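Everything below concerns the one structure shown next.
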Amino acid sequence: MTYWVKIIYERDTYVIDLKQISAFCRAPNRKVTFWLPDGRIPILIHPQSNQDAYEKVVNYIKQIITTSEQGAYWIKILYDREEYAINLARVSAFSLEPNTLKISFWLPDSGTRMIIHPQSNPDAYSLVMEYIEKKTGYRLE
């Protein structure tokens, strides 16, 4: 099932299926960013600029974090003072730095590199490690 939302951004009107988005980022100033599939085009919305679309996107993010759909594995990560909702099922590569044990992966559609350290972000670290082992059968350690 799709979840369409209409957004006016930089004078263009977009109709976007949010189920095709692989990651969302919420900044402390309540700005939400996500990237259009295959385009690396960021869409930024704020409650003052587009209240209706903003509420739909925020409600969608809450929904995907609390209920998992077949094939999706959404997690919430606090990273660089921002809150990310990421569908790990859309991430295609993970790496582990052996000396520091940092996990790296790149957000689909944006190319943003995420680096998670076991001491600074233990919850996210364990979620990602659990996902990797569960999905691939491999342990990075």
Side-chain angles (χ1 to χ4, degrees), residues 1-98 100-141:
M1 183 176 174
T2 58
Y3 194 96
W4 291 94
V5 64
K6 180 180 176 182
I7 296 174
I8 299 170
Y9 178 67
E10 292 186 349
R11 296 186 295 172
D12 290 336
T13 301
Y14 294 85
V15 179
I16 302 165
D17 180 4
L18 294 179
K19 290 196 180 267
Q20 300 301 313
I21 305 300
S22 56
F24 297 89
C25 176
R26 286 182 74 179
N29 65 0
R30 298 178 53 200
K31 175 183 72 174
V32 174
T33 304
F34 58 91
W35 298 265
L36 296 180
D38 301 324
R40 294 190 181 210
I41 297 171
I43 301 290
L44 289 80
I45 58 174
H46 196 276
Q48 280 77 25
S49 63
N50 196 337
Q51 181 69 34
D52 184 51
Y54 178 83
E55 287 178 13
K56 286 180 181 177
V57 171
V58 169
N59 288 334
Y60 178 75
I61 294 168
K62 289 176 186 174
Q63 175 189 336
I64 59 175
I65 292 298
T66 58
T67 60
S68 63
E69 287 191 15
Q70 187 175 354
Y73 193 93
W74 286 93
I75 64 168
K76 184 170 36 171
I77 296 176
L78 297 176
Y79 183 79
D80 251 0
R81 296 187 312 250
E82 296 180 326
E83 181 182 280
Y84 285 82
I86 303 167
N87 183 354
L88 290 180
R90 303 271 309 270
V91 175
S92 58
F94 299 89
S95 68
L96 179 75
E97 205 290 318
T100 63
L101 299 178
K102 292 178 186 175
I103 298 173
S104 296
F105 60 92
W106 292 260
L107 295 181
D109 304 320
S110 78
T112 302
R113 184 177 184 192
M114 303 291 287
I115 301 171
I116 302 176
H117 193 278
Q119 291 175 340
S120 63
N121 203 339
D123 293 337
Y125 187 86
S126 64
L127 286 172
V128 172
M129 289 297 272
E130 176 185 305
Y131 172 78
I132 293 168
E133 186 172 355
K134 185 177 179 180
K135 183 69 175 181
T136 68
Y138 294 110
R139 291 183 55 81
L140 280 181
E141 301 174 319

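Computed from a predicted model, the values in this text were never measured in an experiment.
Phe105 is linked by a ring pair (Phe, Tyr, Trp, His ring centres under 6.0 Å) to Phe94, counting only residues two or more places apart in sequence or in another chain.
One finds the CE atom of Met129 at 15.5 Å from the NZ atom of Lys134 (value rounded to the nearest 0.5 Å). Between Ile41 atom CD1 and Trp35 atom CH2 the span is 13.0 Å, to the nearest 0.5 Å. Note: Tyr138 OH to Ile132 CD1 = 13.0 Å, rounded to the nearest 0.5 Å. To the nearest 0.5 Å, the span separating CD1 on Ile103 from CD1 on Ile115 amounts to 11.5 Å. Here the CG-NE2 distance, from Leu101 to His117, works out to 7.0 Å after rounding to the nearest 0.5 Å. Atom NZ of Lys56 sits about 13.5 Å away from atom CD of Gln63, to the nearest 0.5 Å.
Of all heavy-atom pairs spanning Tyr54 and His46, the tightest one is CD1-C, 3.9 Å. When all heavy atoms are compared, the tightest approach of Trp106 to Gly111 is CD1-O, 3.7 Å. Contact record, Pro28 with Glu82: CD-CG, 4.2 Å, taken as the closest heavy-atom pair. Nearest heavy-atom pair, Leu78 versus Asn121, reported as atom, atom and distance to 0.1 Å: O-ND2, 2.6 Å.
Here the side chains of Ile21 and Tyr60 are not in contact, with every heavy-atom distance at 4.5 Å or above. Put simply, the side chain of Tyr79 does not reach to within 4.5 Å of the side chain of Ser120, judged on heavy atoms. Residues Lys76 and Ile61 form no side-chain contact, since every pair of their non-hydrogen atoms from C-beta on lies 4.5 Å or further apart. Residues Tyr9 and Asn50 fail the side-chain proximity criterion, which asks for heavy atoms closer than 4.5 Å. Looking at heavy atoms from C-beta onward, Val5 lies out of side-chain contact with Tyr14 at the 4.5 angstrom threshold. Within the 4.5 Å cutoff, side-chain heavy atoms of Met114 are placed close to those of Ile86. Residues Arg113 and Ser104 form a side-chain contact, since some pair of their non-hydrogen atoms from C-beta on lies under 4.5 Å apart.
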Next item on the list: Would you check, one step at a time, whether the test side-chain contact (heavy atoms from CB on, under 4.5 Å) holds for Ile7 with Phe34?
Entry: CA-CA 12 Å; Ile7 296 174; Phe34 58 91; 3.6 Å; yes
Note to self: Please evaluate residues Leu36 and Asp109 with respect to the criterion side-chain contact (heavy atoms from CB on, under 4.5 Å), reporting the C-alpha separation (whole Å), side-chain torsions for both, the decisive distance (0.1 Å), and the verdict.
What the structure shows: CA-CA 7 Å; Leu36 296 180; Asp109 304 320; over 6 Å; no
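For Tyr131 (side chain) and Ile75 (main-chain N/O), no donor-acceptor pair under 3.5 Å exists by modelled atom type. Looking only at distances, a side-chain donor or acceptor of Ser126 sits under 3.5 Å from a matching main-chain atom of Pro122. Of the possible polar contacts, one joining the Arg90 side chain to the Gln20 backbone as a donor-acceptor pair under 3.5 Å is found. A side-chain donor-acceptor contact under 3.5 Å links Asp17 to the backbone of Lys19. At least one donor-acceptor pair under 3.5 Å links the side chain of Ser22 to the backbone N or O of Pro108.
Within a 6.0 Å radius of CD in Gln119, other residues, nucleotides and ligands contribute 12 heavy atoms or fewer.
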